[in-house]
Structures are given as C-alpha cells and as structure tokens.
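First the structure, in the form of structure tokens, and then the observations on it.
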Amino acid sequence: MRTVSFPGGEQVCMLGQGTWMMAERPDRRSDEIAALRLGVDLGMTLIDTAEMYGEGAAEELVGEALGDVRDRLFLVSKAYPQNASRARLRVACEASLKRLGTDRLDLYLLHWRGSVPLGETIEAMQALRTAGMIRHWGVSNFDTGDMEELIAAGGDGCAVNQILYNLTRRGPELDLLPWLEGHDIPVMAYSPVEQGRLLADWTLRRIAGAIGATPAQVALAWTLRRGNVIAIPKAGSVAHVRDNYAAIALMLPDDDMAALDAAFSAPRGRRPLEML
Ligand code: NAP
C-alpha cells in the first residue's frame, strides 16, 4: 500500500474517500454505504467529510456506514469558517462527533478562510487537541500567502492543506505545492477527477485505453505521482471504488506523463488558488 506520512510520522493510504454529495438521494444511500465500506476493506481508510455536506447528513451517513470499523479509520471533518472561533469551534466539533458516532476526529480542518483571526482558530484547534476531541488539525483552500500568515500566527502544528488539485487545476504547482513540500505539510487533493468532468477528456481516454486502464485511474495516478499528495475521490458505487483503488498501483510511463503534460499544461504564471 502506498502511503503519505503526516508530520510526526503517522502514515495513511494515499487514496482516501470523499463524501460530498453523499446522503442527498435516498435511492443511492445503500450503494454509498456499500461503496464506503468496500473502500475501507480495501485499505482506503481516510474518510473525508464536513459539517457542510448535506448540513450534517454526510457525517451521519459516514457514522452509519462505518461506525463499527471506527478504529480502522482516519476520519477527517471540516468546520465552517464562521464556526472557527474560540466560542464556536468546540460546539461545531461536538456536533460533528455526535453525527459521526465517535469520540474523536483524526483530523479537523478549517474548511476555508473566513473572518475569524487565524491565531484564534489555531488556539481553538489546540484546545480541541488537548481535550482529546481531535488528534490533528489543518486547513483547506489556503493559498501560499494564507499558509505564510498561518505559520506567522503560530500555526506550525498544521498537519495538512486540502486543496483543489487535478490535471485541469495545476496552479498550485507553481508555488503552493513546493511551499508545502518545503514545510513537510502533506496535501489533500480534492475533486481529483474534477467531479467527473475530466473523465471524458480525449487524451485521458486515449492513454487509458492504451494501457488497459480507465480515465479515472489515469487521472488519479497522475495526482498521486508526488509522494506527499493524498487524493480523495468521491465514489458512490462499489464499481467506482474498485476502479479508483487500482490507481494506487498504477505507475504511468514517462511518455504518458509527457502526453498529459502536453494536454494539460502547467500554468506559466502564478494564479490564485481555485476552489469549488
Ligand atoms: P471528485 O471526487 O473529483 O468526483 C466525484 C464524481 O466522480 C462523482 O460524480 C463520482 O460518481 C465520479 N466518479 C468517481 N470515481 C469514478 C470512476 N472511477 N469512474 C467514473 N466516475 C467516477 O469530486 P468531489 O466529490 O468534488 O471531490 C472529492 C472529495 O473532496 C469530496 O467528496 C469532498 O470530500 C472533498 N472536497 C473538499 C472540498 C473543500 O473545499 N475542502 C471541495 C470539494 C470536495 P459516483 O458518485 O457515481 O461514483
């Protein structure tokens, strides 16, 4: 199993499972539960969710699907920026824990930057750690300047930055990814198949066909090529989970990497971090 190391040495499988848009359709619920369970059985034990997803419904689905295997999981949830204050973060975290049916999160993220001063959020995160409610904390949708401000505000305990990163969103390669590598902070790449839109791309389909893979596997293998990136595709069926799992073992040949580079070129100039 290929893994990514967190600061402190803890290792997690570099392919996790997203949950945005789960629990929104009753007719898909049993498929989503089966998909998450299969993924965990295969070793994709990092589960990414958020209080925002379905206003708590995705967290409840995760709790229902995986409550009995909680100890095998690396459970990640996220707080709204408006809840990232000293007064509100604990309340938000308690509500997430209740919906998830657990007594601790492995990682708790600030979903995106809001108006609460970073120093206050860092303090609130550290208090949750001290209370044993979370094991690690981190951020999401933070650009390079935000990361610098975070560190300056005392945030050197930040364990991860979760960002939009895939073949069509290569902006972070210019400065954010090198900055995070330089600070030993792993990256979580969200929407790694661009919410499905990437999979119809002609180059991706041609490469996949030539090596007997699927477009999703090629897109994921590309995202995983740097050793410090965890990709968290959301798959709502066991077929998609199996498909994605095989990307862990897929090492793209140099000529396919070059073809992908030509079709999805890296940006020449800096651009602000995009988010979905
Ligand atoms: P994504 O994972 O890029 O794409 C999900 C879509 O791709 C779904 O429609 C899924 O269909 C389809 N799909 C997955 N595997 C497939 C396969 N092998 N073949 C064909 N289609 C496949 O997009 P995402 O859900 O936006 O991102 C992933 C996770 O990142 C989210 O679920 C969430 O946990 C996290 N996220 C975080 C942020 C943030 O601000 N921090 C923002 C966005 C997302 P099915 O459902 O039918 O399988």
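In listed order, ligands and their atoms are each counted from 1. Computation of the quantities below employed the complete heavy-atom set of this structure, encompassing side-chain atoms and omitting hydrogens, waters and symmetry-equivalent molecules. In this text, all values refer to a predicted model and were calculated from it rather than measured experimentally.
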Please identify which atoms of ligand 1 are closer than 4.0 Å to at least one heavy atom of [X].
| X | result |
| --- | --- |
| Asp48 | 33 (C), 34 (O), 35 (C) |
| Asp243 | 17 (C), 18 (N), 19 (N) |
| Thr19 | 32 (O), 34 (O) |
| Gly236 | 45 (P), 46 (O), 48 (O) |
| Gly196 | 4 (O), 6 (C), 7 (O) |
| Arg28 | 45 (P), 46 (O), 47 (O) |
| His111 | 39 (C), 40 (O), 41 (N) |
| Ala235 | 48 (O) |

Quick one: does ligand 1 sit under 4.0 Å from the side chain of [X], the backbone, both or neither, non-hydrogen atoms only?
| X | answer |
| --- | --- |
| His240 | both |
| Tyr53 | side chain |
| Pro192 | both |
| Ile232 | both |
| Arg25 | neither |
| Asn141 | side chain |
| Leu164 | neither |

Residue, atom name and distance, where the atom is the protein heavy atom closest to [atom]:
| atom | answer |
| --- | --- |
| atom 18 (N) of ligand 1 | Asn244 OD1, 2.8 Å |
| atom 39 (C) of ligand 1 | Tyr190 CE2, 3.2 Å |
| atom 27 (O) of ligand 1 | Ser191 N, 3.0 Å |
| atom 32 (O) of ligand 1 | Trp20 N, 2.9 Å |

Next on the checklist: Between ligand 1 and Lys78, is the shortest N or O to N or O distance under 3.5 Å?
Outcome noted: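 Between Lys78 and ligand 1, no N or O pair is found under 3.5 Å apart.
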Item to check | Test of proximity, Pro233 against ligand 1: N or O pairs below 3.5 Å | outcome: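 Checking ligand 1 against Pro233, no N or O pair falls under 3.5 Å apart.
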Next on the checklist: My understanding is that we take every heavy atom of each candidate and find the minimum distance to atom 13 (N) of ligand 1. Doing that for Glu32, Met188, Lys234, which one comes out nearest?
Outcome noted: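 Among Glu32, Met188, Lys234, the closest heavy atom to atom 13 (N) of ligand 1 comes from Lys234.
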Checklist entry - Between the candidates Met52, Glu194, Gln195, which shows the shortest non-hydrogen contact distance to atom 9 (O) of ligand 1? => result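 The residue whose heavy atom sits nearest atom 9 (O) of ligand 1 is Gln195.
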Short side-chain to backbone donor-acceptor contact, [X] and [Y], under 3.5 Å:
| X | Y | answer |
| --- | --- | --- |
| Asp143 | Leu176 | no |
| Thr223 | Ala219 | yes |
| Gln17 | Leu36 | yes |
| Ser265 | Asp261 | no |
| Arg113 | Asp146 | no |
| Glu51 | Tyr80 | yes |
| Gln217 | Ala208 | no |

Item to check | Option among Arg37, Arg70, Arg99, Arg29 that satisfies the salt bridge (Lys or Arg N to Asp or Glu O under 4.0 Å) test with Glu64 | outcome: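 Single pass found, and it is Arg29.
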Item to check | Pair Trp222 + Tyr165: ring centers closer than 6.0 Å | outcome: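 Distance test on ring centres: under 6.0 Å, yes.
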Checklist entry - Are Asp48 and Gln162 close enough, and set up right, to give a side chain to side chain contact (heavy atoms under 4.5 Å, CB included), and what steps lead you there? => result CA-CA 10 Å; Asp48 180 78; Gln162 183 178 121; 2.8 Å; yes
Next on the checklist: Under 3.5 Å, is there a donor on one side chain and an acceptor on the other for Asp243 and Thr214?
Outcome noted: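 Result is yes, a qualifying pair exists.
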Next on the checklist: Checking side-chain polar atoms at under 3.5 Å, does Asn141 have a donor or acceptor matched by the opposite partner on Tyr190?
Outcome noted: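 Their side chains do contain a donor-acceptor pair, which is all the 3.5 Å distance test asks for.
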Next on the checklist: As a quick check of understanding, evaluate side chain to side chain contact (heavy atoms under 4.5 Å, CB included) for Leu128 and Tyr108, giving each step before the final call.
Outcome noted: CA-CA 9 Å; Leu128 295 181; Tyr108 198 30; 3.7 Å; yes
Next on the checklist: Just verifying a value: how many Å separate Leu167 CG and Leu260 CG, rounded to the nearest 0.5 Å?
Outcome noted: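 Rounded to the nearest 0.5 Å, the CG-CG separation comes to 5.5 Å.
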